Amino acid sequence: MAVQRMDNVGIVVEDMDAAIAFFVELGMELEGRGEVQGPFADRCTGLDGVHCDIAMVRTPDGHSRLELAKYLSPRAIDAGARDRSHHVLGTHRVMFAVDDIEDTVARLRPHGGELVGGIARFEDSYLLCYLRGPDGIIVGLAEQLR
């Protein structure tokens with residue numbers, strides 16, 4: 001077998017504290033925070049002089065993690081508008097299952113969460129929405145209907 005599991009999804013952010021607060025409010029747990037730099041980081045990323053502030057957040061079940069990275073050196077490249085539409089190549093979203101979609105949206109609003117569209121019902125199965133968070137990150141929320 002080639003793949004054992006998906007370990008994490010990496011997201012580059014500008015405001016680390018805002019990103020951590022957003023994902024912690026979503027219900028994730030801060031696993032750790034630190035800095036990465038040196039030859040290992042340069043070789044792995046293909047960049048020179050890497051110095052990153054990183055934070056790992058995990059879902060409460062411990063199975064999924066996001067690695068948030070703020071590049072101190074070299075500076076992160078701004079790819080343009082952070083309000084890109086959902087169908088731009090290379091950008092999509094990370095989807096989370098939640099107990100109460102409306103409560104989750106309300107709790108994330110003070111942390112920069114803005115609905116991309118609205119909360120939609122998929123048949124009698126799910127309530128779904130896309131929410132834009134800090135640095136334009138799009139997260140999906142799914143509430144399974146019983």
Side-chain angles (χ1 to χ4, degrees), residues 1-37 41 44-47 49-146:
M1 177 186 316
V3 173
Q4 297 174 358
R5 69 180 181 283
M6 186 179 81
D7 189 71
N8 69 69
V9 173
I11 300 174
V12 176
V13 300
E14 186 174 347
D15 187 336
M16 179 65 80
D17 293 331
I20 291 171
F22 180 86
F23 286 107
V24 167
E25 186 62 42
L26 178 60
M28 298 186 81
E29 301 165 2
L30 179 61
E31 188 174 86
R33 185 172 178 174
E35 291 188 7
V36 174
Q37 61 184 334
C44 185
T45 62
L47 300 169
V50 170
H51 184 191
C52 271
D53 179 14
I54 61 167
M56 193 71 74
V57 293
R58 71 171 177 263
T59 55
D61 66 4
H63 294 295
S64 302
R65 300 185 306 171
L66 296 177
E67 180 182 292
L68 307 172
K70 177 180 179 167
Y71 276 80
L72 307 172
S73 164
R75 302 294 290 171
I77 297 170
D78 193 333
R82 294 186 183 171
D83 60 350
R84 290 186 227 166
S85 116
H86 186 265
H87 68 296
V88 172
L89 291 173
T91 45
H92 207 53
R93 50 94 180 121
V94 179
M95 179 70 77
F96 295 94
V98 298
D99 293 326
D100 184 334
I101 199 166
E102 290 184 16
D103 176 67
T104 303
V105 169
R107 287 186 299 103
L108 292 174
R109 280 196 171 114
H111 296 279
E114 297 178 18
L115 284 170
V116 172
I119 298 173
R121 183 183 190 101
F122 176 71
E123 298 176 348
D124 289 331
S125 301
Y126 286 95
L127 293 177
L128 302 160
C129 72
Y130 293 142
L131 193 76
R132 192 177 312 280
D135 295 317
I137 300 165
I138 297 176
V139 297
L141 303 177
E143 176 186 340
Q144 187 170 9
L145 301 172
R146 307 235 172 331

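What's counted below: heavy atoms across the whole structure, side chains too, no hydrogens, waters or symmetry copies. What you are looking at is a predicted structure, and each value in this text was computed from that prediction instead of being measured.
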Side chain to side chain contact (heavy atoms under 4.5 Å, CB included) between Ile54 and Glu35, intermediate numbers included: CA-CA 6 Å; Ile54 61 167; Glu35 291 188 7; over 6 Å; no

Value rounded to 0.5 Å, distance of OG in Ser64 from CZ in Arg58: 12.0 Å

CA sep, side-chain torsions, deciding dist, call: Glu114, Arg132, salt bridge (Lys or Arg N to Asp or Glu O under 4.0 Å): CA-CA 5 Å; Glu114 297 178 18; Arg132 192 177 312 280; 6.0 Å; no

Spacing of Ile101 atom CD1 and Asp103 atom CG [to the nearest 0.5 Å]: 11.0 Å

Side-chain donor or acceptor of Ser73 paired with backbone N/O of His51 under 3.5 Å: no

Min side-chain heavy-atom separation Pro60-Glu29 under 4.5 Å: yes

Non-hydrogen side-chain atoms of Val105 and Leu141 separated by less than 4.5 Å: yes

Residue pair Val139 / Tyr130, side-chain heavy-atom distance below 4.5 Å: no

Arg65 side chain to His63 backbone, donor-acceptor under 3.5 Å: no

Set of side-chain contact (heavy atoms from CB on, under 4.5 Å) partners for Thr45, sequence neighbours left out: Leu47, Val50, Tyr71

CD1/Ile77: more than 12 non-hydrogen atoms of other groups inside 6.0 Å: no

Spacing of Leu26 atom CG and Phe96 atom CZ [to the nearest 0.5 Å]: 5.5 Å

Spacing of Thr104 atom OG1 and Glu25 atom CD [to the nearest 0.5 Å]: 9.0 Å

Candidate pair Leu68 and Met16, rule side chain to side chain contact (heavy atoms under 4.5 Å, CB included), full reasoning: CA-CA 7 Å; Leu68 307 172; Met16 179 65 80; 3.8 Å; yes

Candidate pair Asp17 and Lys70, rule salt bridge (Lys or Arg N to Asp or Glu O under 4.0 Å), full reasoning: CA-CA 10 Å; Asp17 293 331; Lys70 177 180 179 167; over 6 Å; no

Exceeds 12 heavy-atom contacts within 6.0 angstrom, atom CD of Glu31: yes

Side chain to side chain contact (heavy atoms under 4.5 Å, CB included) between Leu115 and Arg109, intermediate numbers included: CA-CA 9 Å; Leu115 284 170; Arg109 280 196 171 114; 3.6 Å; yes

Step-by-step side chain to side chain contact (heavy atoms under 4.5 Å, CB included) determination, Phe23 to His111: CA-CA 9 Å; Phe23 286 107; His111 296 279; over 6 Å; no

Close side-chain approach of Asn8 and Leu66, heavy atoms under 4.5 Å: no

Arg33 (side chain) donor-acceptor with Asp53 (main chain) under 3.5 angstrom: no

Partners meeting side-chain contact (heavy atoms from CB on, under 4.5 Å) with Asp99 (sequence neighbours left out): none

Val116 side chain reached by Leu131 side chain, heavy atoms, under 4.5 Å: no

Asp135 side-chain N/O to Glu14 backbone N/O, donor-acceptor pair under 3.5 Å: yes

Determine all donor-acceptor pairs shorter than 3.5 Å in which one atom belongs to a side chain in residues 121-128; sequence neighbours excluded.
| from | atom 1 | to | atom 2 | distance (Å) |
| --- | --- | --- | --- | --- |
| Arg121 | NE | Glu123 | O | 3.1 |

